[in-house]
Visitor: 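To start, I am sharing the structure in question, which I have written as structure tokens.
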Amino acid sequence: MRLEIGNFYVKDIIFGDRLSLNDGILTINKEEALAYIREDDRITEADLYIAKPGDKIRMCPVKEAIEPRVRLDGRGLFPGYTSELAPAGDGVLHALKNCSVLVVGRHWGGFQDGIIDMSGEGQKLTYFGQLNNIVLVADTNEEFERHEQQKKNDALRRAGHKLAEFIGACVKDLTPEDKDVYETTPMIRRDAGIEKLPSVVYVMQPQSQMEAMGYNDLVYGWDTNHMLPTVMSPTEILDGAIVSGSFMPVSSKWSTYDMQNTPNLRVLMDAHGKTINFLGVIMSNLNVALEQKERAAQFVAQIAKSLGADGAVVAEEGYGNPDADFVGCLVALEDAGVKTVGITNESTGRDGHGQPLVTLDEKCDAIVSCGNVGELISLPPMETVLGELQALARDGNSGGWDYDEVLGPSVREDGSIILENNGMFCGDQVVGWSPKQMMEF
Amino acid sequence: MKKVILYVNQFFGQIGGEEKAGVEPEIHEGQIGPAVQFAKELDGIAEVTHTIICGDNYMGSNTDAAVAAILDMLADKEMDLFLAGPAFQAGRYTVACGTICKAVKERYGVPVVTSMNEETPGVDMFKKDMYILKGGNIASKMRKDVKAMANVAKKLLAGEPVGSASEEGYFARGIRHQAWRKDMKPASERMLDMLVRKLNGEPFVSELPIPKIDRVPIAPAIVNLGEARIALLNTGGIVPVDNPDRIQSASATRWGRYDISGDKELRGGEYKTIHAGFDPAAADADPNVITPVDALKELQKEGVFGSLHQYFYTTVGTGTTESEAARMAREIIPHLEEDHVNGCILVST
């Protein structure tokens, strides 16, 4: 399979008459874009903003991030989700780089939503603090979940995916500044030189622990709770085959933007033929019942072994309960003779004394660890808040609270906030961005 | 100017060698032995006002008396930080440094810094309680070890954050926090390096060294269940609907207990779950699915067990750290002991 991504680097974003990209300046016709968003009659209120690195802007509650792109063959960006089911991973797409579409609730947040700051100490706590962002702030008529702590955020998330596609269309007929080509060959038909290198699989454990539908990550529109581990091409992941869900404290989550760009996959593909023979992806999931966890781990180990993998990398989208799936999968692979590296975050608590993962095993001897969900973070007020800051304290955000006799509420009257890292939008960046590391003190 | 006091043994205090190891603690104004170099390193930041000297044998055999005497000596002294050593590979001296640092920290609340070689008993005994710099094995490493101690001391005196154990060179204290790498190397590249090294049989360093797991032995069975008092606890977040103790929905640090004596029942609408880690519909409709008060009262009537403790206890398990959970248990246990509870049912979710 061959995926070609033509890159268009966005230097600035402005509102204007015509959706276009000129010399790195992305112009968006705001009314036209909003009219498109309002075609979904669930959207009751919508506005667009621009948030760039250095702006004194805080966003809350952030629900999703998507890279604007267009497929040159007319296929939708997210087959089986916002467009008809079709294969991904092959072909040419154009992408607006250094740029994302963010979706922010106008009022209401929940357990799974997050914070992004565009300047100050908070800027580096999410990947999106360094991007040029098009920010959709909107509300919906989804009354059934208005006051629910767990929200599907279906209308808002879909609006974001569609907006990313709408904006990405402006570079369909332009020539990219440069391109990245990701090419895979059949696993069993590779050059002798490559065959000599140790072979590696990348095991993804996307978040799929909600038994009710509508919350979990989707693969080609299929709820990842309803699947057993299977083999995928890395180019499918980079081409919209998987979209993010709406469950799990947000610092542990992988947004759709993260999936579209998964740095771990790109690093493995770059190393292919040099230091490793990268076989491909085993798409697993995260489960609720112990037997489901063990079944998934057993499938992963069997597939890795059947493919002849010497090594594996396992990445977990979550912490707490899913640590059992993560550790179980690492142990199953090691037991099958596959040398394995894990990537995760930890929950050592505010004082750093807590046990890092819910369960541990001495076989997990190679782990890259990207953050502490319980790290206490204080951030000063921002001049502008997009959304509603009270959502952090009021709506059951996993990193916020409305009352604490020592710390006070998460949201203070002057607009400063105190929260756990749990509430920073996709902050732990287990997909591979993370310059953060857990360290001993 | 900040003020610092240093503890040394009889040898480094220039009283004498092994023959003087029994000397009782004494305090001197000014700097003796390593204190002179500490004063140079801390010049402009702090002065080393006093040197305390104590024989290693005296500290080892008369620990309580030695510690009490030194704490008394410090009672009227101004002090922003306390130093001990460096102790190198001298076994008794490392234990003495750890002992006195821990006592001073607890009594006077000032930061303490010491240094020992990794081969000594003091390291494992005290590394969780203080900054112990990784010291040399012989006294010729004095200059280097004093400098390393002074570097950490300077940060503590200035109220600046102390870097990670590997950056500063101290023994890890069992505390793990997220921090930014100086080289900002992303996780993806760290992963590939570690993977290739592991595949090639080369040494690599995991970012999460697996700690020893704290296993709790299974308690012996209750001999006479028919007379036993049973208590019900849960991490499933069942609370009265107004959540009077404001227990958090995740990463809980709070717990509550609720009266279920007499004919009290748990009804949906009066109780609910505030746990954010599972679908709450079933537990909100009937809280007994998590805290089976209905079934327990039935079994009690049938004489299966003796009596039910008057309260059930609640916190939330999702994202709650093991250390916070242990702290909450320590707070709950006295209530159970006071009521002579023989057995507990702890419902997880």
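The structure presented is a predicted model; accordingly, all values stated were derived computationally and were not measured.
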Visitor: Walk me through whether B/Glu207 and A/Met438 qualify under side-chain contact (heavy atoms from CB on, under 4.5 Å).
Guide: CA-CA 7 Å; B/Glu207 295 173 10; A/Met438 289 301 284; 5.8 Å; no
Visitor: Can you see which heavy atom on A/Tyr319 is nearest to which on B/Ser251, and at what distance?
Guide: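 Minimum heavy-atom contact is OH-OG, 3.8 Å.
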Visitor: Looking at A/Val368, A/Ile343, A/Asp323, A/Val341, which has the largest count of heavy-atom pairs under 4.5 Å with chain B?
Guide: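 So the answer, after comparing A/Val368, A/Ile343, A/Asp323, A/Val341, is A/Val368.
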Visitor: Can any side-chain N or O of B/Gln178 pair as donor or acceptor with the backbone N or O of A/Asn372 at less than 3.5 Å?
Guide: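 Between the backbone of A/Asn372 and the side chain of B/Gln178 there is a qualifying donor-acceptor contact (under 3.5 Å).
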Visitor: Need one label for A/Glu420: side chain, backbone, both or neither, based on atoms under 4.5 Å from any heavy atom in chain B.
Guide: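 The side chain, not the backbone.
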Visitor: Inspect the contact between B/Arg254 and A/Glu405 and indicate whether a charged nitrogen and a carboxylate oxygen are less than 4.0 angstrom apart.
Guide: yes
Visitor: Between A/Val358 and chain B, with a heavy-atom cut-off of 4.5 Å, which part of the residue counts as in contact: side chain, backbone, both or neither?
Guide: neither
Visitor: In terms of heavy-atom proximity below 4.5 Å to chain A, should B/Val205 be classed as side chain, backbone, both, or neither?
Guide: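 For B/Val205, there is no contact with chain A at all, as no heavy atom is under 4.5 Å.
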Visitor: Do any N or O atoms from the side chain of A/Thr348 and from the backbone of B/Arg176 form a donor-acceptor pair under 3.5 angstrom?
Guide: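 Yes; at least one donor-acceptor contact below 3.5 Å.
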Visitor: Using atom types as modelled and distance alone, determine if a side-chain donor or acceptor of A/Arg266 lies under 3.5 Å from a backbone N or O of B/Ser188.
Guide: no
Visitor: Is A/Tyr403 close to chain B through its backbone or its side chain, or both, or neither, when contacts mean heavy atoms under 4.5 Å?
Guide: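 Both backbone and side chain of A/Tyr403 come within 4.5 Å of chain B.
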Visitor: In terms of heavy-atom proximity below 4.5 Å to chain B, should A/Asn421 be classed as side chain, backbone, both, or neither?
Guide: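 Side chain of A/Asn421 only, per the 4.5 Å heavy-atom cut-off to chain B.
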Visitor: Would you sort out whether B/Arg246 and A/Asp402 count as a side-chain contact (heavy atoms from CB on, under 4.5 Å), showing the intermediate values?
Guide: CA-CA 9 Å; B/Arg246 296 186 186 233; A/Asp402 63 356; 4.1 Å; yes
Visitor: Of all of A/Lys124, A/Glu211, A/Met248, A/Met210, which one pairs up most often with chain B through heavy atoms under 4.5 Å apart?
Guide: A/Lys124
Visitor: Given a strict heavy-atom distance threshold of 4.5 Å, which part of B/Pro280 is in contact with chain A: side chain, backbone, both, or neither?
Guide: neither
Visitor: Please check if the side chain of A/Glu440 supplies one atom and the backbone of B/Arg173 the other of a donor-acceptor pair under 3.5 Å.
Guide: no
Visitor: Tell me the closest heavy-atom pair linking A/Trp433 and B/Pro186, and the distance in Å.
Guide: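 That would be O-CB, 3.4 Å.
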Visitor: With a 4.5 Å cut-off on heavy-atom pairs, point out which of A/Pro356, A/Ser398, A/Gly399, A/Ala315 contacts chain B the most.
Guide: A/Pro356
Visitor: List for me each residue that meets ring-ring contact (aromatic ring centres under 6.0 Å, His included) alongside B/Tyr258, sequence neighbours excluded, and say none if there are none.
Guide: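 Here the qualifying residues are B/Phe312.
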Visitor: How close do A/Phe111 and B/Ala276 get, counting heavy atoms only, and between which atoms?
Guide: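 A/Phe111 and B/Ala276 have their closest heavy atoms at CE1-CB, 3.4 Å.
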Visitor: Should B/Lys198 and A/Glu334 count as an ion pair when the cut-off is N to O under 4.0 Å?
Guide: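 A/Glu334 and B/Lys198: salt-bridged.
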Visitor: Under the side-chain contact (heavy atoms from CB on, under 4.5 Å) rule, what do A/Ile276 and B/Val196 come out as? Steps first, then yes or no, please.
Guide: CA-CA 8 Å; A/Ile276 60 167; B/Val196 171; 4.1 Å; yes
Visitor: Kindly say whether A/Ile367 contributes a backbone atom to a donor-acceptor pair with the side chain of B/Ser206 at under 3.5 angstrom?
Guide: yes
Visitor: Quick one: do B/Leu192 and A/Val313 satisfy side-chain contact (heavy atoms from CB on, under 4.5 Å)? Show the steps, please.
Guide: CA-CA 9 Å; B/Leu192 184 68; A/Val313 177; over 6 Å; no
Visitor: Measure across A/Asn264 and B/Ala187 and return the closest heavy-atom pair with its distance rounded to 0.1 Å.
Guide: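 Looks like OD1-C, 4.5 Å.
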Visitor: Would you call A/Asp310 and B/Leu199 a side-chain contact if the rule is heavy atoms closer than 4.5 Å?
Guide: yes
Visitor: Using non-hydrogen atoms only, which part of A/Leu265 is less than 4.5 Å away from chain B: side chain, backbone, both, or neither?
Guide: neither
Visitor: Between B/Tyr170 and chain A, with a heavy-atom cut-off of 4.5 Å, which part of the residue counts as in contact: side chain, backbone, both or neither?
Guide: side chain
